[in-house]
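Have a look at the structure below, then the notes.
Residues: numbered from 1 along the sequence shown. Since the structure is predicted, the reported quantities are computational estimates derived from the model, not experimental observations. Values below: every heavy atom of this structure, side chains too, minus hydrogens, waters and symmetry copies. Each ligand, and each atom within it, is numbered from 1 in the order the structure gives.
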Amino acid sequence: MSGRRGLSNGGRDPEFAGPAPVNGRRGPVLLNPGPVNLSDRVRRALLAPDLCHREPEFADLQDEIRRRLLEVYGLDPDRWTAVLLSGSGTAAVEAMLTGLIPPDGRLLVVENGVYGERMTRIAEAHGIPHSALRLEWGAAVPTEAVTRALEAAEPTHVAIVHHETTTGRLNDLAAVAAACRRAGVRLLVDGVSSFAGEEIDFEGWGLAACAASANKCLHGVPGAAFVILDRGALPPGDGRARSVYLDLGAHARAQDRRDTPFTPAVPCFHALAEALRELREGGGWRARHEGYARLAAIVEEGLGTLGLHPLLPRGESSVVLRAYRLPADVSYAELHDALKARGFVIYAGQGGLARRIFRVSTMGALEAADLRAFVRAAGEALEDRGRSTNPGSPDSLEG
Ligand SMILES: *Cc1c(COP(=O)(O)O)cnc(C)c1O
């Protein structure tokens, strides 16, 4: 999509030929749920000196990232471990499910969006015995339904998405975790779009593992992902792994020896280490959560004055992303293109929601001024559209 329509780029990077920069940025403001706009310090970290992954300097980098990942939620390294992987968030989810469910295990997947359904697809692809509690996209997860499904399916493991990015719904992990504890079942969490942005009480909720990636609430770049797990959740390494590249146990054992089985995405690791330092210096996940909440409120209030309203009731969404209903007479493509021309990238709904919603994520190196500018741009986009479709037309009377 580079260099389209030959617009002058005002002396900015040639790759970013396009709309006028917002608040002096080099490229568009990304309101999609990752990859995110990088801070300057994380971007600079990508230019770290070349590094061989069999040298102690890489082992130091890997150790630092693993230690800092546990620090995000204050986890005790004697009990918990962070296993690094090279790949996107789905790689971490797949490594978690294939690596932690033993051959005689059985998985129950709670589905209320695309990412829950993806975990069922992973179980299918690897022949992991499984069943699913299927809920409508965006629906809340009723604890009684989970309890009944636990009784009916008798799983050894439950998998659930914490923040269902499909709709912005933040699932009630505390309640599901309590049901799993009562049933003596291990809970595996897709925390890809909540890790570092929402509360995750690993110890209190008794999680077995949580998969996430560098390029969402951690503000790193895509290519590095990880699973944080209770060391006791790892089955013995008996050579029966379901995957070679994503063998979580093999990665964990190698990393404990300051080694790595394959070539890692070294530059992405540099960026992740810097992003973790930045998170820590900025006050950790709580400060990030509060920052996101402030930005999301600017968007919600601003879009509200334009007549654009959230899909979910207040308080049921994460602070990371909200879905908004499209007005009946505006298509996603129209809104997207008008906003992109003004320097903002919003995100489409998936599947059956594609015609009904658009999504706005406030993760990444964003400031209040960016979101205020976004709200103004959305107002202009809707106004321009009103001008081009309305003048003199009888349709305009229908509202
Ligand atoms: C982004 C995301 C993923 C992973 O997607 P990738 O494209 O593989 O990075 C998984 N689960 C959730 C909830 C997500 O938001």
Original post:
For Ser213 and ligand 1, does the shortest N/O to N/O distance drop below 3.5 Å?
Top reply: no
Original post:
Got the closest protein heavy atom to atom 11 (N) of ligand 1, with its distance?
Top reply: Asp190 OD2, 2.6 Å
Original post:
Between Lys216 and ligand 1, which part of the residue brings a heavy atom under 4.0 Å of the ligand: side chain, backbone, both or neither?
Top reply: side chain
Subject >> Pairing of Glu154 and Arg106 as salt bridge, 4.0 angstrom limit >> reply: no
**OP:** Output, in order, the C-alpha distance, side-chain angles, deciding distance and verdict of side-chain contact (heavy atoms from CB on, under 4.5 Å) for Lys216 and His163.
**Re:** CA-CA 12 Å; Lys216 294 202 180 180; His163 166 216; over 6 Å; no
**OP:** Note the single closest protein heavy atom to atom 6 (P) of ligand 1, along with its residue, its atom name and the distance in Å.
**Re:** Ser88 OG, 3.4 Å
Original post:
If you measure every N/O of Asn215 against every N/O of ligand 1, is any gap under 3.5 Å?
Top reply: no
Subject >> salt bridge (charged side-chain N to carboxylate O under 4.0 Å, His left out) evaluation trace for Glu274 with Arg277 >> reply: CA-CA 5 Å; Glu274 190 61 27; Arg277 293 176 203 128; 2.5 Å; yes
**OP:** Test Glu144 against Arg148 for salt bridge (charged side-chain N to carboxylate O under 4.0 Å, His left out), laying out the working first.
**Re:** CA-CA 6 Å; Glu144 323 81 69; Arg148 276 198 304 278; 5.5 Å; no
Original post:
For ligand 1, which atoms, with element, lie under 4.0 Å from some heavy atom of Thr165?
Top reply: 12 (C), 13 (C), 14 (C), 15 (O)
Original post:
Quick one: does Arg240's side chain get under 4.5 Å of Pro103's, heavy atoms only?
Top reply: yes
**OP:** Output the list of atoms in ligand 1 that are nearer than 4.0 Å to some heavy atom of Arg118, sorted by atom number.
**Re:** 5 (O)
Original post:
Would Gln62 and Arg67 count as a side chain to side chain donor-acceptor pair (under 3.5 Å) if you check the C-alpha gap in whole Å, the side-chain angles of each, and the deciding distance to 0.1 Å?
Top reply: CA-CA 9 Å; Gln62 179 171 262; Arg67 175 174 60 75; over 6 Å; no
Original post:
If you count the atoms of ligand 1 from 1 in the order shown, which ones are under 4.0 Å from a heavy atom of Ser193?
Top reply: 13 (C), 15 (O)
Subject >> Numbered atoms and elements of ligand 1 in range of His163, under 4.0 angstrom, heavy atoms >> reply: 13 (C)
Original post:
Under 4.5 Å between any side-chain heavy atoms of Ile128 and Arg242, yes or no?
Top reply: yes
**OP:** Below 4.0 angstrom from a heavy atom of Val161, which ligand 1 atoms are there? Numbered from 1 as shown, please.
**Re:** 13 (C)
Original post:
Looking at Thr90, which atoms of ligand 1 are within less than 4.0 Å of one of its heavy atoms?
Top reply: 4 (C), 5 (O), 6 (P), 8 (O)
Original post:
Does a side-chain N-to-carboxylate-O contact under 4.0 Å join Arg314 and Glu300?
Top reply: yes
Subject >> Protein residue, atom and distance nearest to atom 9 (O) of ligand 1, heavy-atom basis >> reply: Gly89 N, 3.1 Å
Original post:
So is His162 in contact with ligand 1, going by heavy-atom distances below 4.0 Å?
Top reply: no
